[in-house]
Amino acid sequence: MKKIYLVACLLLTAAIPVSVLAQKDSTGFDPHEAFAPDFYPYLGDNIRAADGTPGPEYWQNRADYDIAVTLDDQQHTVNGKVTISYTNNSPQSLSFLWLQLDQNIYSQQSRGVAVTALNGGRWANAKNFDGGYTISSVSLDGKELSHQVTDSRMRVNLPSTLKAKGGKISFTISFSYTVPEYGTDRTGRLNTKNGWIYEIAQWYPRMCVYDNVEGWNTLPYLGQGEFYLEYGDITYSVTVPASHIVVGSGELLNPQEVLTAEQQKRWKVAAASDKTVMLRSAAEVTQASSRPAGKTQLTWKFKCVNTRDVAFASSKAFVWDAARINLPHGKTALAMSAYPAEVGSDSGWGRSTEYVKGSIEFYSKYLYPYSYPVAVNVAGIVAGMEYPGIVFCGWKATRGGLWGVTSHEFGHNWFPMIVGSNERKYPWMDEGFNTFINGLADKAFNNGEYDGGHMNADMLGRYFFGEKMENIYNIPDVIQPQNLGILAYLKPGYGLQLLRDNILGPERFDSAFSYYVHQWAFKHPTPYDFFRCIENYSGETLDWFWRGWYLNKWSIDQGVKGVAYVDNDPAKGAIITVNNFGKLPMPVTLEIKEANGKTGRAHLPVEVWQHGGEWKFVYKSTSKLQEVKLDPDKTVPDVNLSNNTWSDKAGF
């Protein structure tokens, strides 16, 4: 039976035209490549399950920090120590640890300086500044630990191995550094008429991530890429001149020591108010009564729970306001803004706290509740940078521009603060995802006050698929600076929009996206965990889309070839022929106009392209067709719009 069946199959195959058997369509589209099986490079296991969720044996290590530093506003230095309590939850014992020393990028001897182009750029180090850490001690129980600094990383050798599955160690590092005036647009200080504004980030030695994907993640920090960090609880204290106001990640633990009685009263009012309440007005900035009397220095104490990082800002120049954030399930948080008096009453900063509140309330409802007690927006030299519970935005930003950067930076509290993806390697998993949710927030805020409307796809094809454009799937340091905005932000974000609007539909996509966030909250997903998670929850096989849009630079080019009629009678239906010329297939939406004035639409699933680059289907027309238009809503970035419309010129 088997032999007869095989012979029959061979004979049948021989009768099929060669063009049908060809693996690659004459248009260049290859269905075997687009819809190839075995997309995923690894099988699911007990750590990372095949359905894209953390498995029953998923683990990640933990890093808790206790930090105490002094900020010197005369020498512009940060000086102090950090005690790191590290828990090894991995199944491997560890004989050494790796830490990130991000401030070392500001040394003139750093790799970051060496790879900076002559024309500089956003992440260029100041040529007249030579910074970096001074590590004066690394100790365990009062005894010095052997350690070696390599550029922006430090290996600490342990006197005995740290046990697997729960082994703990606590060691202390004494450090200091000079705050750069412009720290690659992530940290720095701004001189205002009432004093310096310090935006302090990447300020303490931080643990590298040890995971089951790469072991120690020690990719050098060069400035353009960002960070990958472990979760834990961080308690930190900052001693500053008594004239300063300090805002930072997490809960302020000692307001009674660092705030005036009036400011404490206003704080309580703000915590119950949907309207912005002034904690310190512009007129009060220069008044001694706006700071506690009789002190030359004050120590501000904070605690941030289940976080990957903390940052703070300090200045005697801060105007300060706040309002309540309303979160799901009746919970609340506090939105704050700190900015210099010279921003003026006509700038956007007077509405900053409203912007903080509006963006966080939207993202909390759409994805996952905001997880920190305070959300602070700081105006300073940094144009836009995010940290848990605090963001830095440019002090010159106004109105819609400030809304945009505020919404974007606080969107990062979901990607990568809550969902802890590796943004050192995969910037599209935080910048791109965040760009997508920013567009939804624009529509929702104040009835679309700053909504620019639907992004017209007509012009995007040339940017997404241009000759000099690279793949999304690259580390940021390799992506050319002129392409980073497209590949880290716009294109991956637009990919989610295509999934939502053209492939899955809003309801299916939104529920799957929220499911992904809930599954990986405060954990470390890989790109393939994301792909699997969306597929399994939505019930849709999407490997063709991941392969073409995210892993490769496959372009989209679909066209309408022509129209015929069933039995040459338009009343019996129209036979419409469409083509897929590009390497990336997509579902098809057509708008069809008939001579009798009727207009309808036809929707074809992506599977029609599994048989090749040309497809015919019958549209139930009742009269001759006048026009057939592909992608009538202009949502697909097609590289060739000239073939998207067929018309019967005689019909007009």
Check whether the side chains of Ser352 and Ser337 place a donor and an acceptor atom closer than 3.5 Å, and report yes or no.
yes

Spatial distance of atom CZ (Phe415) from atom OG (Ser421) [nearest 0.5 Å]:
8.5 Å

Looking at Glu262 and Arg266, is any side-chain nitrogen of the basic one under 4.0 Å from a carboxylate oxygen of the acidic one?
yes

Identify whether the distance between the nearest side-chain nitrogen and carboxylate oxygen of Glu354 and Arg351 falls below 4.0 Å.
yes

Can you tell me how far the CG atom of Leu97 sits from the CG atom of Leu94, to the nearest 0.5 Å?
6.5 Å

Using side chain to side chain donor-acceptor pair (under 3.5 Å) as the criterion, list what pairs up with Trp428, not counting sequence neighbours.
none

Sidechain-backbone polar pair: Asn104 side chain, Tyr133 backbone, donor-acceptor under 3.5 Å:
yes

Please give me the minimum heavy-atom distance between Val319 and Val285, naming the atom from each residue.
CG2-CG2, 3.7 Å

Let's go through Tyr204 and Tyr65 carefully: what are the C-alpha distance in whole Å and the side-chain angles of both, what is the deciding distance for ring-ring contact (aromatic ring centres under 6.0 Å, His included) to 0.1 Å, and is it a yes or a no?
CA-CA 10 Å; Tyr204 58 97; Tyr65 300 83; 5.2 Å; yes

Counting the benzene-type ring for Trp, do Phe312 and Tyr198 have ring centres under 6.0 Å apart?
no

Can you confirm whether the side chains of Ser314 and His244 place a donor and an acceptor under 3.5 Å from each other?
yes

Tyr228: partners by side chain to side chain donor-acceptor pair (under 3.5 Å), with sequence neighbours left out
Asp211

Check against ring-ring contact (aromatic ring centres under 6.0 Å, His included), Phe129 and Tyr182
CA-CA 9 Å; Phe129 179 79; Tyr182 181 76; over 10 Å; no

Report, as yes or no, whether the 6.0 Å neighbourhood of atom CD on Gln264 holds more than 12 heavy atoms from other residues, nucleotides or ligands.
yes

Any idea how Tyr86 and Trp216 line up, ring-wise: parallel (<30°), tilted (30 to 60°), or perpendicular (>60°)?
parallel

Once ring pair (Phe, Tyr, Trp, His ring centres under 6.0 Å) is applied, do any residues pair with Phe522, and if so which ones, sequence neighbours excluded?
Tyr231

From OG (Ser139) to CD1 (Ile173), nearest 0.5 Å:
9.0 Å

Quick check: does any side chain N or O of Thr307 sit under 3.5 Å from a backbone N or O of Asp309, one acting as donor and the other as acceptor?
yes

Using side chain to side chain donor-acceptor pair (under 3.5 Å) as the criterion, list what pairs up with Ser281, not counting sequence neighbours.
Glu284

Taking 4.0 angstrom as the limit, do Asp151 and Arg153 come out as a salt bridge?
no

Could you tell me which residues satisfy side chain to side chain donor-acceptor pair (under 3.5 Å) with Thr406, sequence neighbours excluded, listed by chain and number?
Asn377

For the ring pair Trp520 and Tyr58, is the centre-to-centre distance below 6.0 Å?
yes

Using a strict cut-off of less than 4.0 Å between a Lys/Arg side-chain nitrogen and an Asp/Glu carboxylate oxygen, indicate whether Arg308 and Glu423 qualify as a salt bridge.
yes

Is it true that Arg62 and Asp233 have a side-chain N and a carboxylate O under 4.0 angstrom from each other?
yes

Tell me yes or no: between the side chains of Glu144 and Ser137, is some donor less than 3.5 Å from an acceptor?
yes

Is it true that Glu230 and Arg206 have a side-chain N and a carboxylate O under 4.0 angstrom from each other?
no

Thinking salt bridges, do Arg424 and Asp477 make one under a 4.0 Å N-O criterion?
yes

Charged N-O contact under 4.0 Å between Lys425 and Glu214:
yes

A cation-pi test, strictly: NZ or CZ of Arg280 under 6.0 Å from the centre of the six-membered ring of Trp320 and no more than 45 degrees from its axis. Yes or no?
no

When you measure from the side chain of Thr260 to the backbone N and O of Gln263, does any donor-acceptor pair fall under 3.5 Å?
yes

If only side-chain N and O atoms count, and only distance matters, is there a donor-acceptor pair under 3.5 Å linking Thr87 with Lys168?
yes

Using the test ring pair (Phe, Tyr, Trp, His ring centres under 6.0 Å), find all partners of Tyr221 that sit at least two apart in sequence or belong to another chain.
Phe227

